[in-house]
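To keep things clear, I will list the structure first and then write my remarks on it.
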2 protein chains.
Amino acid sequence: MKKEIITLKKLAQILELSTSTVSRALNDHQDISEATRKRVKNLAQSMHYVPNIFARGFRKHKTNIIGVIVPNITHYFTTTIVRGILEEAKLKGYRVIISESNNDTAKQTEMLNTMIQFGVDGILVSLTKMTKDIDTVLQTLNKCPLILFDKVSNKIPCTQVTINDEEAAYSAIEHLINIGKKRIAIIKEREFSYTSEKRYAGYLKALKDHNIEIDEKIIISVDDISTQQGKRMTNHLLSIKKKPDAIFAITDSSAVGVIQTLKKFNIKIPEEIAVVGFSNSRFSTIIEPNLTTVDQPGETIGKNAVKYLIEEIENTTDTISNKMIEIKGTLIIRDSTFKV
Amino acid sequence: MKKEIITLKKLAQILELSTSTVSRALNDHQDISEATRKRVKNLAQSMHYVPNIFARGFRKHKTNIIGVIVPNITHYFTTTIVRGILEEAKLKGYRVIISESNNDTAKQTEMLNTMIQFGVDGILVSLTKMTKDIDTVLQTLNKCPLILFDKVSNKIPCTQVTINDEEAAYSAIEHLINIGKKRIAIIKEREFSYTSEKRYAGYLKALKDHNIEIDEKIIISVDDISTQQGKRMTNHLLSIKKKPDAIFAITDSSAVGVIQTLKKFNIKIPEEIAVVGFSNSRFSTIIEPNLTTVDQPGETIGKNAVKYLIEEIENTTDTISNKMIEIKGTLIIRDSTFKV
DNA sequence: CTGAAAGCGCTTACAG
DNA sequence: CTGAAAGCGCTTACAG
């Protein structure tokens with residue numbers, strides 16, 4: 001079902017000009033007289049001429065496509081980042097190809113390769129959980145501009161855009177301390193998660209700064225931070241002798257599990273145990289009590305990632321930059337902690 | 001930061017063959033001897049040769065890219081469809097470009113045009129709310145295979161993939177009737193929404209089939225179906241004389257507003273008023289009581305949309321097909337209605 | 001100010 | 001079984 005395609009050549013024939021002139025006129029080349037330019041543009045418009053981007057890209061060795069790889073596209077926070085990416089890319093004249101790695105490193109590798117082969121101008125990656133296999137990412141780095149966002153890693157020397165996890169976590173813990181909590185548990189991911197480690201660092205720092213004892217017993221690490229695990233770990237925390245009076249769950253979805261379990265045991269939130277999450281996902285205003293959490297400006301993260309990527313794409317020098325960009329998250333206080 | 005690129009020509013030089021032969025060997029053309037084929041493939045592999053997809057696409061007038069336009073990428077249900085699209089496309093060797101129309105018809109038009117210009121092989125569209133401007137979609141239909149999914153319209157003659165809205169709504173209402181409800185309100189969108197109208201039709205049919213009076217007073221139409229509107233319309237429904245004993249909210253997010261408002265007035269759910277939503281979004285197990293709703297298999301919808309689109313792309317005949325594909329949704333009964 | 005010509009990397013009808 | 005050549009639609013250095 002191909003329609004007749006208008007090409008430069010056809011326009012040229014009709015106008016009795018060369019394709020070169022038509023091409024230049026359309027691209028506002030300075031050498032072309034105002035008169036011809038107008039003639040050409042008018043005809044092009046009236047015939048609904050659209051340049052074949054593939055031919056141009058092929059010629060110029062540039063596709064104006066950005067590749068994006070995310071672990072899980074159904075996460076609300078991820079979609080807000082994607083929205084920012086789409087918006088900014090469009091603004092700058094780039095198209096976006098999205099892939100989902102499903103937290104599978106092998107898939108991620110494959111996607112990286114396909115994108116290179118496909119000839120994207122640059123790649124934006126949010127890493128899978130277990131990114132031990134850093135090699136392929138490093139390799140890709142040599143072939144094509146690449147920037148990490150959200151799930152990043154300090155082992156990869158490139159520009160990275162994240163939220164200020166450590167500071168945001170710090171302020172969350174400080175808030176708990178301010179409302180009188182003294183025994184604050186944390187549910188985090190194991191060491192492989194860079195984001196989780198940053199939040200954990202903020203947790204430790206806040207406790208230290210306020211001279212609160214750090215107790216390994218209420219520092220819980222899980223492999224897979226989910227509502228399920230939130231439930232399980234809350235059960236565990238309730239079983240130990242010196243129960244916590246607050247729980248900092250490193251993601252909203254695990255916080256949901258925490259709250260549901262506390263409610264099951266009729267524990268008063270926040271009087272007996274306060275709860276803080278991280279993400280400001282939609283759950284946070286649906287669960288009762290509404291969840292205190294850190295709002296992460298996803299769109300801003302997405303926009304910035306694109307901005308820095310395009311900078312690298314259009315920068316001809318051969319150096320790989322590795323800026324660390326931290327976007328500010330803000331603590332949103334709701335009923336799962338006391339308002340001060 | 002361009003790396004040295006391996007091309008067919010280079011391989012040919014090294015092997016002392018013509019590019020034609022190398023090309024054919026790589027594409028498993030039958031004319032090539034087993035021996036040469038192996039030699040070529042071995043070298044290609046060891047030199048990490050990857051074909052330039054743009055050159056090939058340019059040559060063949062095919063890009064192997066599918067364009068996708070959705071109104072709002074942050075909706076959970078949409079992301080599950082997208083996941084299905086990505087998966088199926090990848091399987092079939094296609095890449096996916098995604099755009100978000102933000103429910104803005106002008107944007108949608110622009111995106112349709114850009115995609116055409118970009119040379120995608122086919123387009124998958126979930127329409128904006130107010131698609132009065134059907135013209136551009138119809139125009140696009142002449143230029144490029146196009147399939148509608150989720151938010152569709154019977155005014156556009158092309159293949160459409162949706163859930164079986166009418167039947168699913170019918171079974172939801174029937175369930176309410178079975179648990180003894182006799183005065184069932186509906187909160188729906190205005191006429192412009194095809195999906196909403198289908199669900200409304202299911203509602204009407206179920207009531208008629210069970211000889212239940214239809215009362216306009218409890219048939220509520222809103223412009224924008226959201227949690228906010230769910231709240232407002234519940235307030236309204238509670239203010240009328242003959243209150244409903246059940247509310248069918250056409251989306252989960254509005255159902256959340258319904259439940260929150262009923263709880264505010266201490267109305268027992270489901271004893272006094274039962275609530276049913278539509279989508280089986282994540283809220284439905286977080287809100288209390290958990291929401292009875294229709295599960296929509298998003299991935300299946302996405303996969304089917306891609307399947308039919310590729311069929312059209314690869315079908316050379318000039319006819320536009322317009323199959324109506326309905327994917328079955330299933331009612332999931334939870335605490336917001338009685339389990340029978 | 002305009003044109004002829006080369007070339008981006010690939011595929012394929014034609015010839016042998 | 002293999003090769004020479006044309007061509008996909010565009011841009012651009014070169015020439016005038």
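Place B/Ile32 and B/Lys60 on DNA chain D by their nearest nucleotides, and B/Ile32 ends up nearer the 5' end.
Put simply, B/Thr21 has a side-chain N or O that comes within less than 4.0 Å of OP1 or OP2 on D/dG3. For B/Ser33 and D/dT2, the shortest distance from a side-chain N or O to OP1 or OP2 is below 4.0 Å. One finds no side-chain N or O of A/Tyr49 lying less than 4.0 angstrom from the OP1 or OP2 phosphate oxygen of D/dG9. One finds no side-chain N or O of A/Thr19 lying less than 4.0 angstrom from the OP1 or OP2 phosphate oxygen of D/dC10. An OP1 or OP2 oxygen of C/dG9 is reached within less than 4.0 angstrom by a side-chain nitrogen or oxygen of A/His61.
Checked by atom type and distance alone, the side chain of A/Gln296 never pairs as donor or acceptor with a backbone atom of A/Ile163 at under 3.5 Å. Listed for the A/Thr63 side chain is a donor-acceptor partner under 3.5 Å among the backbone atoms of A/Gly119.
Checked against side-chain contact (heavy atoms from CB on, under 4.5 Å), A/Glu34 has the following partners two or more places apart in sequence or in another chain: A/Arg37, A/Lys38.
Counting only Watson-Crick and G-U wobble pairs whose two distances sit under 3.5 Å, DNA chain D takes part in these stems of three or more pairs: C:1-3 with D:14-16, C:5-12 with D:5-12, C:14-16 with D:1-3.
Salt bridge status for B/Glu88 with B/Lys307: absent, with no side-chain N to carboxylate O gap under 4.0 Å. The existence of a salt bridge linking B/Asp28 and B/Lys41 is confirmed by a sub-4.0 Å separation between a basic side-chain nitrogen and an acidic carboxylate oxygen.
Distance CZ/A/Arg95 to CD1/B/Ile97: 6.5 Å, rounded to 0.5 Å.
Atom NZ of A/Lys10 and atom C1' of D/dC8 are 12 Å apart (whole Å).
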Would you tabulate the pairs of protein nitrogen or oxygen atoms and nucleotide nitrogen or oxygen atoms of nucleotides 13-16 of chain D closer than 3.5 angstrom?
| from | atom 1 | to | atom 2 | distance (Å) |
| --- | --- | --- | --- | --- |
| D/dA13 | N6 | A/Arg24 | NH1 | 2.8 |

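Listed candidates were C/dC10, C/dT2, C/dG9. Nearest to the side chain of A/Phe58 is C/dG9.
For the C1' atoms, the distance linking D/dT12 with D/dG16 amounts to 16 Å, nearest Å.
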